[in-house]
Amino acid sequence: MGQLQIELIEPDENISTWREFLDTQGEGVHHIAFQVKDMDEKIKALDKNGMILVQKGDYEGGRYAYIDTFSKLKVITELLENF
């Protein structure tokens, strides 16, 4: 599928952004992800346009951020920055 990657997530009973989505929205697409450079600048630009940071973290080789774009796009946006 080329550069397309599909991630299937089944939330457990613990508090998480995925559990919250399932409880409030039901089953469906939780987020779409984009590879970015200079994540901090992207987060600031989105925040200025009313799309706030919900969650962020690091993983081996990079970091991620979930942005609340649900009211505008009906989906959360994930930013991925690899080092």
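Any value given below was found using the heavy atoms of this structure, including those in side chains, with hydrogens, waters and symmetry copies removed.
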Report, one line per pair, each donor and acceptor closer than 3.5 Å where one atom sits in a side chain of residues 45-56; sequence neighbours left out.
residue	atom	partner	partner atom	Å
N49	ND2	A45	O	2.9
Q55	NE2	Y64	OH	3.0

Original post:
How many angstroms lie between atom OH of Y66 and atom CH2 of W18, to the nearest 0.5 angstrom?
Top reply: 4.5 Å
Original post:
Distance from L79 atom CG to K42 atom NZ, nearest 0.5 Å?
Top reply: 8.5 Å
Side-chain atoms of residues 29-37: list all donor-acceptor pairs with protein atoms under 3.5 Å, sequence neighbours left out, distances to 0.1 Å.
residue	atom	partner	partner atom	Å
H30	NE2	T17	OG1	3.3
H31	NE2	E78	OE1	3.0
Q35	OE1	N82	ND2	3.0

Under 3.5 Å, sequence neighbours excluded: what are the donor-acceptor pairs made by side chains of residues 67-76?
residue	atom	partner	partner atom	Å
D68	OD1	F70	N	3.1
T69	OG1	V75	O	2.6
T69	OG1	T77	N	3.2
T69	OG1	T77	OG1	2.9

Salt bridge (charged side-chain N to carboxylate O under 4.0 Å, His left out) with [X]: which residues, sequence neighbours excluded?
X	answer
D38	none
E41	K44
R19	D23

